[in-house]
Every structure is written in C-alpha cells, then in structure tokens.
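Since the structure comes first, as structure tokens, the remarks are kept for the end.
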2 protein chains.
Amino acid sequence: MSETYGIAELAREFDVTTRTIRFYEDKGLLSPARKGQRRIYTPRDRVRLRLIMRGKRLGFALSEIRELIDLYDVDPSEVTQLRHFLEKIRERKAALEVQQGDIAETLEEMQRIESQCSAMLSEKQKTKSS
Amino acid sequence: MSETYGIAELAREFDVTTRTIRFYEDKGLLSPARKGQRRIYTPRDRVRLRLIMRGKRLGFALSEIRELIDLYDVDPSEVTQLRHFLEKIRERKAALEVQQGDIAETLEEMQRIESQCSAMLSEKQKTKSS
DNA sequence: ACGGACGTTGACGTTAACGTAAAGTAAGCC
DNA sequence: GGCTTACTTTACGTTAACGTCAACGTCCGT
C-alpha cells in the first residue's frame, strides 16, 4: 500500500519536465520525502501537483498558488489567524467570481462569432454549389 | 462627437501605466492615431484596451490576447481562412470551458473551507462567551 | 519667456518561470 | 568492471511583461 512515485513518473503524468517539479519544490510548493538523495512522492504530493496545475490553468502566479494550496493544509488554531484566513478565502473567491464573469462574457462573444462564421461558411458553399 | 482620449487618461481609467499602454502598442495590440507625435485614442481603442485587460485577468499571454482580439476584427473572406478561423475560435472556446470547470471546482472547495472555518470561528466564540 | 504638466523615444533593469548544460552519484544489468 | 538509466546539484541562459531612467518636444497659463 501507500504508493509512491519517482520524479520522472510524475513529470510524465502531468506533462511537465523534472526541472519544473524541482523548481516548484524550490519555491516551497512541494516537499517530497527523500530516500537517500532521491525524491519520493506520495499520493498527497501528487494531489498538490494537480492543484498546482489547476492554479496555473487559472492564471495564478506560483506564489498565489502556494497561498491557495496552503489554504487546504493549514489549520489555523488561533481566532485571529482564523479571521485572517477567512478573509483570504473570501478574496480568492471574489477573484474567481470575477474570472467566472469574464469567461462567461468571452464565451458569449465567441459563440456569436462562431455562429456568424458558420453562417457565412454555409452561405459561401451554397453559392459555390449553385 | 467621436470622443478621444489621451494616454494618461486611459492609463488612469484602467489602472495601468502609460508605459504599459505603449508596450501593448509595441506588441501590436493597439494602434492609436497620432496628432503630430502624440497618441490619440478613440473609443474603439478603448474597447480594445478593455478586452486586453479582460484577457489578462483570464491569464492569457499578450500574444494570445492579440489573436483573440483579432478574432473580433478580421473579416476572413476566403473560405479556407474562414475554416481556419472557426477552428481557432473552437480551440479558444474549449480552453475557456476547461477554465470554467477549474473555477467551478476551486470555488466549491473554497466554499467548503469557508463554511468549515466560519463554523470553527463561531464555535470558538461560543466557548469564549460561555 | 518661464515653469510645469503631459508626452515622446530609446535603452537598460527586473522578476517570474522555467530551459539547458555540466558534472557527479547510485542502482541494476550483463 | 563497465554500461545504461534515473536522478542529483549547481549555475548560467531565456522569454514575457513590464519598470525605470534619461533626454528631449510641446502646449498652456501667468
């Protein structure tokens, strides 16, 4: 049980280079165990990497992704910390909701353009076949 | 009629520096008219700038944003171009839909964490006031 | 005619996110 | 032992997206 992965294995799975994975470690986004000198990744590390990739697709900087991921891990015991924490989460949520709106708008416009284009296309082809 | 804007004006409105706006011009994202040496921006340029900012919020590179914007402007008269064009649009749509999914997931998780946190918070405060 | 606001074009600096090359280590196979 | 394969650290290179001067033009109010 408790499967582990090598660095190249993960690199293949997520389609990044090993350099990239090590770079993320350097930035504190991952901290795999070591067996001698080599890195050993647990399923938990793998999840983190998945989260990193999702963050990247959302256009977050690595520093922000780190904060995001920490949100899942940290257990803020003090009330003050808890408040601060909640605030961070709400900031993130707000940002994401803005993004959601942006995407919706853009998708609508793309949709419009696509319809227009395919209309033009079928128009041209009618002409051609007439 | 037909209002125009100065570079600093737009910079203020979109909260970027004039350097940034000129940089976008350099990259072919904007091409304002000139009055002598100075740049004159039309409402149309302003719309483009708005699109650029939205693209940035969505995590696109400037080069991609340029392609995106061009989608609104270009009128592909040839059928081959039209097809190519449609394909591009569909690629973009697909990417955006992935992003949409990513955001939805992330938002759900944030939501969960937030609920948990605010539960913990009110719990702590009950204890405190008892 | 002068200062100040606003604008211009270079040109070099900076940060993030890796790429790439060099040189060495460790394990397994034949 | 020698080869291969996978991995390591160290270090310099690169690209995108600007920031930051420097040095100069132009218009406007006083």
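Chain letters run A, B, ... following the sequence lines, proteins first and then strands; every chain starts at 1. Since this is a predicted model, take the numbers as computed values, not measurements.
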(message) Could you tell me how far apart A:Ile40 (CD1) and C:dA27 (P) are, to the nearest whole angstrom?
(response) 12 Å
(message) So which atom in B:Ala119 and which in B:Ser122 form the shortest heavy-atom distance, rounded to 0.1 Å?
(response) O-OG, 2.9 Å
(request) Indicate whether any N or O donor in one side chain lies under 3.5 Å from an N or O acceptor in the other, for B:Tyr5 and B:Arg46. (result) yes
(request) Let me know, please, whether A:Tyr41 or B:Gln37 comes out on the 5' side of the other along DNA chain D by nearest nucleotide. (result) A:Tyr41
(message) Measure CZ/A:Phe60 against P/C:dA16 and give the value in whole Å, please.
(response) 17 Å
(message) Using whole Å, what does the distance between atom P of nucleotide D:dT15 and atom CD of B:Glu64 come to?
(response) 17 Å
(request) Figure out the NZ/P separation between A:Lys27 and C:dT15, and round it to whole Å. (result) 11 Å
(request) With A:Asp102 as reference, evaluate B:Arg54, B:Arg57, B:Lys56 under the side chain to side chain donor-acceptor pair (under 3.5 Å) test and give the passing residue. (result) B:Arg57
(message) Is it the case that the base of C:dC6 and the side chain of B:Arg38 share a donor-acceptor contact (distance under 3.5 Å, atom types as modelled)?
(response) yes
(request) Determine whether A:Leu68 and B:Val98 fall in the same hydrophobic cluster, where Ile, Leu, Val, Met, Phe, Trp and Tyr are linked whenever their side-chain heavy atoms lie under 4.5 Å apart. (result) no
(request) May I have the distance from A:Leu29 (atom CG) to C:dA16 (atom P), rounded to whole angstrom? (result) 13 Å
(request) Report the residue (B:Ala61 or A:Gly6) whose heavy-atom-nearest nucleotide on DNA chain D is the more 5′ of the two. (result) A:Gly6
(message) Side-chain heavy atoms nearer than 4.5 Å, only ILVMFWY residues, links allowed to pass through others: does that put B:Ile52 and B:Tyr72 together?
(response) yes
(message) Using side chain to side chain contact (heavy atoms under 4.5 Å, CB included), reason through A:Lys93 and A:Leu96 one step at a time and then give a plain yes or no.
(response) CA-CA 5 Å; A:Lys93 276 181 58 182; A:Leu96 285 174; 5.7 Å; no
(request) Please report, rounded to the nearest Å, how far the P atom of D:dC18 is from the CG atom of B:Asp26. (result) 12 Å
(request) Kindly state which residues belonging to residues 8-24 of chain B come within less than 4.0 angstrom of DNA chain D, counting heavy atoms of the residue only, listed by number. (result) B:Thr17, B:Arg19, B:Thr20, B:Phe23, B:Tyr24
(message) Rounded to whole Å, how long is the line connecting atom CD1 of B:Ile7 with atom C1' of D:dG25?
(response) 15 Å
(request) Take the protein atom OH of B:Tyr5 and the nucleotide atom P of C:dG7, then report the distance between them rounded to whole Å. (result) 15 Å
(message) What's B:Lys56 touching, base or sugar-phosphate or nothing? Going by heavy atoms closer than 4.0 Å.
(response) sugar-phosphate
(message) Any non-hydrogen side-chain atom of B:Thr80 less than 4.5 Å from a side-chain atom of B:Phe85?
(response) no
(request) Using a cut-off of strictly less than 4.0 Å, decide whether A:Arg34 has a side-chain nitrogen or oxygen near OP1 or OP2 of D:dT9. (result) yes
